[in-house]
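Report on one structure; see the data block that follows.
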Amino acid sequence: MSSLDDIRKRYLNFERILSQRPIRILFEILVIFAFFSFVLLPPLNLLKNIITDWNSITELIFRDPILKNTVWLSMFRSIALSFRIAFIVMIIDIMLGIPIAHVLARYDFKGKTIIDTIIDLPLAVPTSALGFSVLLFWGSADGLSKFILAEEGIFSQGPMLLLLGHVAFSFSYVVRNLKGVIEEVDVEIENAARTLGAPPISVFRTITAPMAKEGIIAGAILAFTRSLGETGASLLLAGVYETAPIQIVTFMNGYRIPQAAFLSVILIIISITLLGGVRQYARKVGLPQPKIYPEFERKISAKKIAKTRNGIVSFIFLLLVLIPALFVIFYLIDVWSIGPSGTEEDSAFFEVFLDSDNKWESMQVALITSVEVALIVTIINLSLGIPMAYLLVRRPYWGKWKVVLDMAIDIPLVIPSSALGFAVYLLWGNLGLKLISPGIWLIVLAHLTFTYPFSVRPMINYIENFDYSYYEAGRTLGASDLTTFRRVVFPMLKRGILSSAILTFTRSMAETGATLIVMGNARTVPVFIVDLVESESLSSAAFAAVLLIFISFILLLVVRLVDNPTED
Amino acid sequence: MPEIKFQRVSKIYKPNIKAVDDLNFTIYDGEYISLLGPSGCGKTTTLRLLSGLIKPTIGSILWDGVPVENIDPDQRDIGYVFQQFAIFPHLNVYENVAFGPRVKGMKQVDIEDITEAHLKLVGLQEKSYYFPKSLDAADLQRTGIARVLATGAKTLLLDEPMGALDFKIREKFQDELLRIVKELKLTAIHVTHDQSEGMAISDRIGVMKKGKMIQISSPLDYLYSPKQIFSAHFIGESDFFEGVVVKYLSKTIEIELLGDETLSILTKTNPSILPGDRVVVGVRREFFKIEPLPENYNLEVNCFVGKVISDRFLGEKRRTKVNLEFGRTLEIKRNSNELVFKEGSSVLVRIPEQAIRVFKSPEISLIDELEVT
């Protein structure tokens, strides 16, 4: 008994020693240093490489003796395609997203929870699985064509399919975001406007939208960057076309390092300036709203019209997002025992379990790799992210550094992940520090960068909402800083930490673009799906996609349970 | 058990905002002190300075003569009771109370003994396995008090401990709190904005305004000899008149009040007040005497003639508004069983000499001086 008391006492003393200010600050410097070297250093190093090798790189791209500037022209084409698609996707997402988000945020109706969950479903579908599903639905004879009795897919691979795919995977993120934004606008203010005589549309246009302006713009940015950076689905949908992230992968596969570096830097610079600009600009400029057309707006606010509008929006959502995203499941059921050719030879079951190339075994290996990577990434990112978030919210002595750090955290969000993956390869791989060669550990390093904001941002939010008086109570009751963190803060943030962890985990599980660059001989499931589609084993690809969807869906369910506790 | 001394303590937040400004006072061992004042006056900041959760910008706080600025809150041996309780939601009542002994590294047997003793002290032994979410406000605050006492703290810092409790339960809670504090011979510093709570519970009251300590003395002193206009105004209700000292006799002074008409008032002499000084006269509203105006009335000293504007019944009290002839409106607090006056009836208002307090005119205007924000 006394020895146990003794150990406890020593441990508390140990925590007290670690809580001393100099030690704490040293630890915090380490956390910042880790953030810097894992997340910021790769893109910075990439930039440095471009600058030092400027002449030889530009010669390759602009003044090649044989190709002249064709490399640059094809880069320009891919960048232009990426931006065009991202722009249209952003507009579609916002136009469709606002009515749905508004209904979900403001009205109570039967089945609201179900619809809410359905909207979130595509979140659980990793982009390469989703791209495959969209390809099947719109682009193959087994998809929508079957129902309208057409012989071929409605669209062939190319910009149109890319657009449909990007809308399908980005839409849920945007709606989720917009819903939160609209919920934050005080409903009493809307009610005040209604009682003053404004019809619902006018209220939204003149009251809700201006108040939610920054959130709506953030939603638009989200749609834009998600589309701009996406690789996994695009690979399957692009056909002969190339978006910028795909082109990075192509360059990398041909080991054309300077070209890949140059394109990555262009993408990084454009994304960051664009976003910085939009953020600056968004605060200053109001939405156009001064004029009110009471008669017209009252008419289009009428119940019937509102219902029709919601009906149309829901139909478009079903057609553009939900059905295409989940179509692969129906496809798998269809081809489970009899394949597309009408024989057993290319059925999903035969291909995966009975065929001579043993796909089930390689699928298992890929799955294990995916889970391993995601687990390691989650653990490292949380252990770096929680102290970072705590530091940003609760350590006033970091002063101006906090503003810098706070902005820097978001940088990986706007960089296309294949560019990030390339930067990671260039820094740690055999062309840079030569520390780690392509394979599972390089995948881990690449995933650390783009999942970092996903683990820190929500943590910052949770810590900001944490009532600091609990911490103060712990301190005044005699617990040291570290003991209070362990006994009070940490247990109270448990839910937040868990849901942050699952988000990081699913992001890592689903990623394709960066993985393709740094994987070497290793395979994760999303990459495996791309491989299967490219080798035209569609049934097995469907199997792998559904497997991945199933895992992600379970994780999503857990997040929802954790985030919405049912107690009082 | 310490004697706590504030020495020229200021807490300055960035652009020259003085949360507390040059505090100098001593809290004696075993005292129950209340800090009163309008919101934003610095009373909570004072408490947080004592707890070590924040550090003074200037000056020092001495515990038995030893400065404590560099002692962290966990090493200070104080118990901080929060207005919103801050009972750890993930721990049950027992574990909340056991928290202090645990983090101080006590032996397991001692932890159990101490926790049980303190649960008993506040009468929560039946609810020791309840979680905070199933307790009402009073039980939450009982847990809060048991929790700080279990650390062995001899100094209690109470930040509006009854602020979140229902009005009806407060009085009972005050008694419980006072019993515990006196039984355990604790020193308590209690922040509140409820003056009747402060009056009922404390040995001394400190009234603060804009970061400064205006007065610190016993509750009765505020009633009968407030030292500052603000403390006379903030504790209880008073009416104030501005005037000039015109005559200075051996035992009385004569003050001419400002108004349409000049009237004189006689009162005791005050060593700090000289002839010709501008002064403020304060009278507590319950000390005015009011009677129907007699016929053929001859003006007497310290009496005013006026007309009743309203005479309203407010439960235990009656509030009579009188428009004085020289242009002032008075509010007079009377017992509800006293004579009722009709609106418009002429009355005589008498101010008993011992009810009159004379203060030097403030440097700022009287309205600014009385402002409570």
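Each chain gets a letter, A, B and so on, in the order the sequences are listed, and its residues count up from 1.
Scanning residues 18-33 of chain A against chain B with a 4.5 Å heavy-atom cutoff picks out nothing at all. For residues 464-478 of chain A, the interface with chain B (any heavy-atom pair closer than 4.5 Å) comprises S469(A), Y470(A), E472(A), A473(A), G474(A), R475(A), T476(A), L477(A), G478(A), sorted by residue number.
Taking CG of L12(A) as the start and CZ of R102(B) as the end, the distance is 10.5 Å to the nearest 0.5 Å.
Open room surrounds NZ on K18(B); 12 or fewer heavy atoms of other groups in view lie less than 6.0 Å from it. Other residues, nucleotides and ligands contribute more than 12 heavy atoms inside 6.0 Å of the CG atom of D186(A). The environment of K494(A) atom NZ is sparse: at most 12 non-hydrogen atoms of other residues, nucleotides or ligands sit within 6.0 angstrom. Remark: Y397(A) OH is packed, more than 12 non-hydrogen atoms of other residues, nucleotides or ligands lying under 6.0 Å away. Other residues, nucleotides and ligands contribute only 12 or fewer heavy atoms inside 6.0 Å of the OH atom of Y130(B). Sparse packing is recorded around CZ of R10(A), with 12 or fewer heavy atoms of other residues, nucleotides or ligands lying under 6.0 Å away. Annotation for E126(B): atom CD does not count as buried by contact number, only 12 or fewer foreign heavy atoms lying within 6.0 Å.
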- Derivation of the side chain to side chain contact (heavy atoms under 4.5 Å, CB included) call for K107(B) and R8(A): CA-CA 9 Å; K107(B) 287 185 186 145; R8(A) 212 176 286 135; over 6 Å; no

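Here the closest non-hydrogen pair linking G105(B) and K9(A) is O-CD, 3.4 Å. Scanning all heavy atoms of the two residues, the minimum distance from D74(B) to R16(A) falls at OD2-NH2, 3.0 Å.
Proximity to chain A is limited to the side chain of F82(B), based on heavy atoms less than 4.5 angstrom apart. Looking at R48(B), the atoms closer than 4.5 Å to chain A (heavy atoms on both sides) all sit in the side chain, from C-beta outward. Interface residue L53(B): only side-chain heavy atoms are found under 4.5 Å from chain A. Contact of Q83(B) with chain A is not made at all, since no heavy-atom distance falls under 4.5 Å. Heavy atoms of R487(A) lying under 4.5 Å from chain B belong to its backbone as well as its side chain. Looking at I87(B), the atoms closer than 4.5 Å to chain A (heavy atoms on both sides) all sit in the backbone: N, CA, C or O.
Highest contact tally toward chain A, considering only S51(B), P89(B), G79(B), is held by P89(B) [criterion: heavy-atom pairs under 4.5 Å]. The candidate with the highest count of non-hydrogen atom pairs below 4.5 Å against chain A, out of K104(B), H90(B), Q75(B), is H90(B).
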